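The figures that follow rest on heavy atoms only: side chains count, while hydrogens, waters and symmetry mates do not. Predicted model, so just to flag it, every value in this text is computed and none were measured.
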Amino acid sequence: MLRTTNFKPVTSKFSQFVRYASTKYDVVVVGGGPGGYIAAIKAAQLGYNTACIEKRGALGGTCLNVGCIPSKSLLNNSHLYHQVKHEAGIRGISINGDISVDFPGLMSAKEKAVKQLTGGIEMLFKKNKVTYLKGEGSFVNEKTLAVKPIDGSETHEVEADHIIVATGSEPTPFPGIEIDEERIVTNTGILALKEIPKRLTIIGGGIIGLEMASVYSRIGSEVTVIEFQSALGSGMDGEVAKNVQKFLGKQGLNFKLGTKVTKGVRNGEVVNIEVEDVKSGKKEEIESDVLLVAIGRRPYTEGLNIEAAGLEADNKGRLIIDEQFRTKHPHIRVIGDVTFGPMLAHKAEEEGVAAAEYIKHGHGHVNYGNIPSVMYTHPEVAWVGLNEEQLKEQGIKYKVGKFPFIANSRAKTNVDTEGFVKFLADAETQRVLGVHIIGPNAGEMIAEAGLALEYGASTEDIARTCHAHPTLSEAFKEAALATFDKPLNF
């Protein structure tokens with residue numbers, strides 16, 4: 001129920017910050033990332049007097065500021081550059097003069113996109129009457145939070161009937177390697193380099209590492225990816241992961257799989273890296289201009305003072321919750337990267353909506369078996385549901401249906417034919433169990449797979465659904481058909 005307490009904001013033309021007359025809210029969200037800001041908006045839409053505490057000074061969390069959004073800007077624009085430079089001729093386009101990268105311009109375009117989107121969230125807060133508290137939030141007790149404003153003004157306290165913690169995650173540090181965000185960088189530093197490194201070395205062959213490898217390889221860096229495991233892309237279907245390595249290798253990326261890093265030290269303007277083959281123990285030294293550490297992320301609770309509220313964390317630092325996101329205190333809920341599950345923005349968003357609905361109605365919904373993943377390299381990689389390795393491990397009998405983009409008319413006309421769509425279906429019922437795509441438009445096409453999973457569709461349901469011609473999605477239809485019959489165009 002909406003409170004009648006006075007919370008009129010008072011602004012000054014000399015300050016972008018807001019002072020509040022009220023310190024009591026129905027719902028307070030700590031963290032303004034994808035999970036937090038969505039939770040705040042949804043709670044406000046459900047009639048709650050809601051505040052969101054965010055210390056970054058810009059809403060959107062890691063995703064919008066130093067993650068998903070800026071990286072996609074660089075990926076898209078570097079791909080356009082690569083296409084113009086290397087594919088114009090085969091597309092019947094004649095380029096007169098040299099084609100080069102304006103690196104400051106590339107970075108400026110990224111910053112413009114970030115600013116527009118983070119500013120857009122502030123507008124959504126105003127539209128939905130969410131109070132935005134720009135400061136660092138920490139627990140005083142289970143009902144009260146201290147807010148230390150980022151403008152240096154006096155710390156004040158807010159109380160809430162319900163608290164949602166959505167403080168996100170931070171890069172996992174690499175033991176013995178000191179990050180300076182100049183030569184030895186995380187996702188933050190790699191998105192803010194001042195010049196294109198001649199040599200870029202990346203520790204970690206997951207999504208962040210491979211996306212940044214693609215960007216800098218396209219614009220001129222010699223890129224080496226070091227991965228401890230014997231395969232790339234943790235979580236990917238094994239067959240897809242092998243093709244990822246093949247396709248990216250053709251683009252000039254160097255891979256050292258089954259290799260561990262034993263040392264990484266900055267010496268002036270270079271970084272010296274020592275590596276060791278996991279099986280043979282053979283050592284090697286690599287000199288690089290920039291080293292990106294991309295070995296994953298960990299829950300972020302620094303400064304939150306969870307002890308004051310009696311909140312508990314597991315051995316991975318994840319705050320412990322029940323199936324309704326509740327901690328030991330039912331009025332305190334936790335969502336997003338700071339608790340269990342895949343560290344994905346869209347997973348956090350779904351939890352943000354569900355958490356607000358649990359508060360209001362006592363029920364909410366997140367299907368953790370239907371959380372898509374996308375890697376925005378070229379070709380793109382996307383998947384949802386189970387992969388072959390998981391099905392074998394669980395002893396589930398299944399059928400495979402595949403269709404290559406080289407046999408798809410739209411892919412051929414676009415001169416973009418690498419990859420395939422792969423369906424995994426129950427051997428008896430044809431129910432869709434998982435879909436894995438490597439190829440053009442994979443990140444958009446995977447939404448159809450998610451819908452199929454959510455409604456328990458069979459591959460025959462999909463194969464008998466008319467898909468427009470000529471479209472890339474016809475490959476999706478044909479792959480579904482291939483699980484129980486013969487494809488028509490291959």
Side-chain angles (χ1 to χ4, degrees), residues 62-63 66-82 110 169 171-172 174 185-191 193 196-197 199-261 273 275 286 288 290-297 342-345 372-384 387 416 418-420 436-443 446:
T62 294
C63 178
V66 290
C68 318
I69 298 304
S71 66
K72 299 314 162 285
S73 173
L74 293 178
L75 281 158
N76 181 68
N77 294 336
S78 65
H79 178 60
L80 288 175
Y81 163 74
H82 186 271
K110 165 186 69 75
S169 61
T172 301
F174 195 103
V185 301
T186 64
N187 60 286
T188 299
I190 196 68
L191 293 169
L193 295 181
I196 302 171
R199 300 162 299 179
L200 171 64
T201 302
I202 299 171
I203 307 176
I207 290 178
I208 294 173
L210 295 178
E211 287 185 348
M212 290 298 96
S214 294
V215 168
Y216 284 95
S217 175
R218 291 167 186 164
I219 60 178
S221 297
E222 179 186 333
V223 179
T224 300
V225 178
I226 303 169
E227 170 57 48
F228 181 81
Q229 302 297 331
S230 58
L232 298 173
S234 176
M236 287 183 193
D237 180 87
E239 182 182 15
V240 172
K242 289 178 182 178
N243 279 273
V244 167
Q245 183 180 348
K246 181 177 74 172
F247 292 145
L248 295 184
K250 284 168 56 180
Q251 295 173 22
L253 274 65
N254 303 305
F255 296 104
K256 291 185 176 296
L257 305 183
T259 303
K260 67 178 179 179
V261 175
I273 307 149
V275 300
I286 299 171
S288 187
V290 172
L291 172 64
L292 167 61
V293 179
I295 58 171
R297 300 182 66 81
M343 291 183 173
L344 296 169
S373 294
V374 184
M375 184 170 75
Y376 297 86
T377 52
H378 193 86
E380 286 186 352
V381 184
W383 66 95
V384 68
N387 59 40
D416 195 0
E418 287 184 331
F420 53 83
H436 306 267
I437 309 173
I438 177 170
N441 213 42
I446 204 65

Quick one: are [X] and [Y] in side-chain contact, heavy atoms under 4.5 Å?
{"X": "Ile438", "Y": "Phe420", "result": "yes"}
{"X": "Ile190", "Y": "Leu200", "result": "yes"}
{"X": "Asn187", "Y": "Met212", "result": "no"}
{"X": "His378", "Y": "His82", "result": "no"}
{"X": "Leu193", "Y": "Tyr216", "result": "yes"}
{"X": "Ser373", "Y": "Leu344", "result": "yes"}

Problem set entry | Arg218/Leu75 under side chain to side chain contact (heavy atoms under 4.5 Å, CB included): CA gap, chis, key distance, verdict | CA-CA 9 Å; Arg218 291 167 186 164; Leu75 281 158; 3.9 Å; yes
What distance do [X] atom [atom1] and [Y] atom [atom2] have between them, rounded to the nearest 0.5 Å?
{"X": "Leu292", "Y": "Thr186", "atom1": "CG", "atom2": "OG1", "result": "7.5 Å"}
{"X": "Ser217", "Y": "Leu253", "atom1": "OG", "atom2": "CG", "result": "4.5 Å"}
{"X": "Ile219", "Y": "Leu74", "atom1": "CD1", "atom2": "CG", "result": "7.5 Å"}
{"X": "Ile208", "Y": "Ile295", "atom1": "CD1", "atom2": "CD1", "result": "11.0 Å"}
{"X": "Ile286", "Y": "Lys256", "atom1": "CD1", "atom2": "NZ", "result": "5.0 Å"}
{"X": "Leu191", "Y": "Ser71", "atom1": "CG", "atom2": "OG", "result": "6.0 Å"}

Seminar exercise, completed: salt bridge (Lys or Arg N to Asp or Glu O under 4.0 Å) pairs touching residues 200-216, sequence neighbours excluded, are Lys72-Glu211
Problem set entry | Pair Gln251-Thr377, side chain to side chain contact (heavy atoms under 4.5 Å, CB included): steps then yes or no | CA-CA 11 Å; Gln251 295 173 22; Thr377 52; over 6 Å; no
For this session: Using side chain to side chain contact (heavy atoms under 4.5 Å, CB included) as the criterion, list what pairs up with Glu222, not counting sequence neighbours.
Result: Arg199, Asn254
Has the side chain of [X] got a donor or acceptor atom that lies under 3.5 Å from a matching backbone atom of [Y]?
{"X": "Glu227", "Y": "Leu232", "value": "no"}
{"X": "Ser221", "Y": "Pro197", "value": "yes"}
{"X": "Tyr376", "Y": "Gly443", "value": "no"}
{"X": "Ser288", "Y": "Thr201", "value": "yes"}

For this session: Under the side chain to side chain contact (heavy atoms under 4.5 Å, CB included) rule, what do Met375 and Met236 come out as? Steps first, then yes or no, please.
Result: CA-CA 10 Å; Met375 184 170 75; Met236 287 183 193; 3.5 Å; yes
At their closest point, which heavy atom of [X] faces which heavy atom of [Y], and how far apart are they?
{"X": "Val374", "Y": "Ala382", "result": "CG2-CB, 4.1 Å"}
{"X": "Ile226", "Y": "Thr259", "result": "CG2-O, 3.7 Å"}
{"X": "Gly205", "Y": "Val225", "result": "CA-CG1, 3.9 Å"}
{"X": "Ser169", "Y": "Thr62", "result": "O-OG1, 3.9 Å"}
{"X": "Pro70", "Y": "Cys63", "result": "CD-O, 3.7 Å"}

For this session: Kindly determine whether Phe174 and Ile203 satisfy side chain to side chain contact (heavy atoms under 4.5 Å, CB included), including the steps that lead there.
Result: CA-CA 9 Å; Phe174 195 103; Ile203 307 176; 3.9 Å; yes
Exercise. Under the criterion side chain to side chain contact (heavy atoms under 4.5 Å, CB included), which of Asn243, Asn387, Val381 is the partner of Asp237?
Worked result: Asn387
Exercise. Would you find more than 12 non-hydrogen atoms of other residues, nucleotides or ligands less than 6.0 Å from Phe247 atom CZ?
Worked result: yes
